[in-house]
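Single-structure report; data block below.
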Amino acid sequence: MDIKAVMKNVKEKGLKETIRIHQDRDRRKNNLGLKEEIIQGIIQDSFASQKENYKRYLTKISEGEVTEEFYENELKSIYTKHVFPRIYNEEAKKPVKDKMIFMDKGPFLSVSLIYMCKYVKKNTSYKVKKHKLCIRKVPNEDYYEKAKEYIRDTATAKAVFICTANDLMSYITLRPETTYIQLWHGCGVFKKVGLSTIDKSFGKTAKSHEEYPLNTNYSYVTIASPELSWIFEESMGIDKDSGIIIPTGISRTDEFFDEEFIAGSYRKLYDKIPQAKGKKVILYAPTFRGDVAICTSPDELDIKAFAKELGDDYILLFKHHPTVKNLPKIPEEYEGTFAFDMTWKSGMNISELMTVADICISDYSSVVFEYSLFERPMLFFVYDLEDYIDERGLYYDFDEITPGPLCRTNEEMLDYIKHIDERFDKQEVIDFKNKFMCCCDGHSSERILALVEDKE
């Protein structure tokens, strides 16, 4: 900063602000040097060097020289823009191997990935590699180390399967020999996602999407019906004539046509909950509310009223969204007798729970799309419909397309269930299924695998 600039700042901004500007400039200069050291350490695989540099950054945070947000942004930039592309390009010089990669950002593979993984193992000779990155479950440094190994593995893979949007490959150009398939984690979509939520309170900004695009390099995006193409085009920013979005059906729905899987789901239910024998099952599976990082689950369903009115004939199973950390509590007098939280450690996943459910209560969750394959009753508990639409936005007029009653109160739900035999319109569910799930016929995985093998 030359003397003229200093004097101008002193005159226009004051002495204290001028000193702060000068200090900030020096800090940025020093931090850029540290950033380059971290990049070199990572690229050279000098783990000790990386840890030492991370420690120096954390010391800067504790001493107030940089903020934690600055450090997290720097890590993201270092890995996504510099480290991942260099590692990928170097590894991609090697021949492609007969292996398929399955990656989940979380601590375990989603149902979408698990089924396709099993199908590949059973029906091909490809080696299967799984990567679970444990985002938000481990420190950021460890998450990026796991992601680095995933990128390294991806560079020599025949195919890569993912099920959620991610920015790990934002600055990578995929080699042509690799097929990169987005299975997605839901069958259909009510609530707006991705680019459809730009600059909303819970969504990313346009600048963030531009700097770290979430849906790049896809060879294919598999969907349940041609009807849904326009939503994925809009939310992922994919051109409708690109041939990327393919209505193959959703791999994991193949289980719903498997008699052994169906029988196994009921065995699990009766093993876990013996009192379910002789009773009907109500599954409550709502989506989350709020921002993903700090989201909550609805706590408006009146378990006491449900137990009083339906306890002789039904049991009630809860399956909250997996991103919710603090789950609503079931009152002690009903827990383990009438109501059961199956979200964690229940031994039953959402597909198994849908299989055994006689009635599904949901809201704006995509779970109702796959549940429609069973042609059973469903209710929509939308006590916050207007607020949710204002905050999140929906792709369709909710009242027009939902194959079941929109209930604002517990009383409405109870009244419908008690008179379900005369009120349930099965044809309404069949029409919904035929519109949104027409490609899910038990052979989706076969068609998805063909996308990889036909590329040869």
Side-chain angles (χ1 to χ4, degrees), residues 99-135 137 146-147 149-150 153-154 157-166 179-188 220-224 248-269 271-272 283 285 317 319-323 342-357 365-367 369-371 373-374 437 439-452:
K99 64 177 178 180
M100 294 192 176
I101 307 298
F102 294 81
M103 186 278 282
D104 200 300
K105 292 191 299 182
F108 48 82
L109 294 187
S110 75
V111 177
S112 298
L113 291 170
I114 288 172
Y115 188 82
M116 193 67 207
C117 184
K118 288 179 180 178
Y119 185 85
V120 168
K121 281 184 175 181
K122 182 178 179 180
N123 295 279
T124 77
S125 59
Y126 290 110
K127 182 179 181 181
V128 166
K129 299 287 292 295
K130 304 173 187 176
H131 288 269
K132 293 166 275 190
L133 306 189
C134 299
I135 190 170
K137 297 293 184 180
K146 290 176 180 291
E149 293 312 307
Y150 157 68
D153 219 2
T154 294
K158 176 67 177 174
V160 180
F161 295 91
I162 64 171
C163 66
T164 54
N166 71 85
T179 306
Y180 186 38
I181 297 183
Q182 169 63 269
L183 297 175
W184 203 238
H185 52 278
C187 287
Y220 302 106
V221 177
T222 62
I223 61 173
T248 56
I250 303 301
S251 175
R252 63 186 171 86
T253 63
D254 289 353
E255 288 186 314
F256 299 144
F257 299 86
D258 183 342
E259 292 299 328
E260 184 177 337
F261 171 77
I262 294 170
S265 297
Y266 280 100
R267 282 196 301 270
K268 279 190 178 183
L269 174 67
D271 181 56
K272 302 289 180 183
L283 172 64
L317 307 183
K319 184 68 169 181
H320 297 284
H321 196 280
T323 58
M342 309 295 282
T343 307
W344 301 114
K345 299 179 181 179
S346 68
M348 296 185 72
N349 62 39
I350 185 61
S351 294
E352 292 165 331
L353 292 170
M354 282 190 285
T355 300
V356 302
S365 170
S366 65
V367 78
F369 287 87
E370 51 259 54
Y371 190 70
L373 293 173
F374 295 103
M437 299 292 292
C439 297
C440 297
D441 57 1
H443 300 282
S444 299
S445 301
E446 179 183 337
R447 289 190 287 268
I448 293 170
L449 183 60
L451 294 176
V452 178

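All values reported here derive from a predicted model rather than from experimental measurement.
At a threshold of 4.5 Å between non-hydrogen side-chain atoms, the residues S351 and F261 count as touching. At least one side-chain heavy atom of F374 sits less than 4.5 Å from a side-chain heavy atom of T355. Annotation: side chain of S346 is not in contact with side chain of K268 (no heavy-atom distance under 4.5 Å). Put simply, the side chain of I262 does not reach to within 4.5 Å of the side chain of S265, judged on heavy atoms. The side-chain heavy atoms of I135 and N166, taken from C-beta on, include no pair separated by under 4.5 Å. Looking at M354 and L283, their side chains come closer than 4.5 Å, going by heavy atoms from C-beta outward. Side-chain contact between M437 and E370 is present, with heavy atoms from C-beta onward closer than 4.5 Å.
Atom OG1 of T124 sits about 5.5 Å away from atom CE of M100, to the nearest 0.5 Å. Interatomic distance, OG of S125 versus NZ of K99, reported as 15.0 Å (0.5 Å rounding). The line from OG1 of T154 to NZ of K129 is 9.5 Å long, rounded to the nearest 0.5 Å. Considering CZ of F369 and CD1 of I250, their distance stands at 11.0 Å, rounded to 0.5 Å. In this structure, NZ in K130 is found 12.0 Å from CD1 in I101, a value given to the nearest 0.5 Å. A distance of 8.0 Å separates OG1 of T179 from CG of L451, quoted to the nearest 0.5 Å.
The backbone N or O of W184 sits less than 3.5 Å from a side-chain atom of S112, completing a donor-acceptor pair. Although no hydrogens or angles enter the test, the distance criterion places a donor-acceptor pair under 3.5 Å between the side chain of N123 and the main chain of Y119. In this structure, E352 contributes its side chain and N349 its backbone to a donor-acceptor pair below 3.5 Å. Side-chain N or O atoms of K105 include one that pairs as donor or acceptor with a backbone N or O of A165 at under 3.5 Å. Between the K319 side chain and the T343 main chain, a donor and an acceptor come within less than 3.5 Å of each other. Judged by distance alone, with hydrogens and angles left aside, the side-chain atoms of Q182 form a donor-acceptor pair with the main-chain N or O of T164 at under 3.5 Å.
The ring pair (Phe, Tyr, Trp, His ring centres under 6.0 Å) search around H185 returns none, not counting sequence neighbours.
The minimum heavy-atom distance linking C440 with A224 is given by the pair SG-CB, 3.8 Å. Scanning both residues, F256 and L373, for their nearest heavy atoms gives CD1-CD1, 3.8 Å. Closest approach of Y150 and M103 over heavy atoms only: CE1-CB, 3.4 Å. Shown here for G442 and D254, the closest heavy-atom pair between the two residues is C-OD1, 3.1 Å. Heavy atoms only, all atoms of each residue included: P107 and C134 are closest at CA-SG, 3.8 Å. Of all heavy-atom pairs between A285 and S365, the closest is O-CB, 3.9 Å.
Side-chain atoms of S251 and S445 form a donor-acceptor pair, as typed in the model, at a separation below 3.5 Å.
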request  = Let me see the working for T253 and S444 under side-chain contact (heavy atoms from CB on, under 4.5 Å), right down to the final yes or no.
outcome  = CA-CA 8 Å; T253 63; S444 299; 4.1 Å; yes
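Relative orientation of the F161 and F102 rings is parallel, given thresholds of 30° and 60° on the angle between their planes.
For the pair D441 and R447, the salt-bridge criterion is met [side-chain N within less than 4.0 Å of a carboxylate O].
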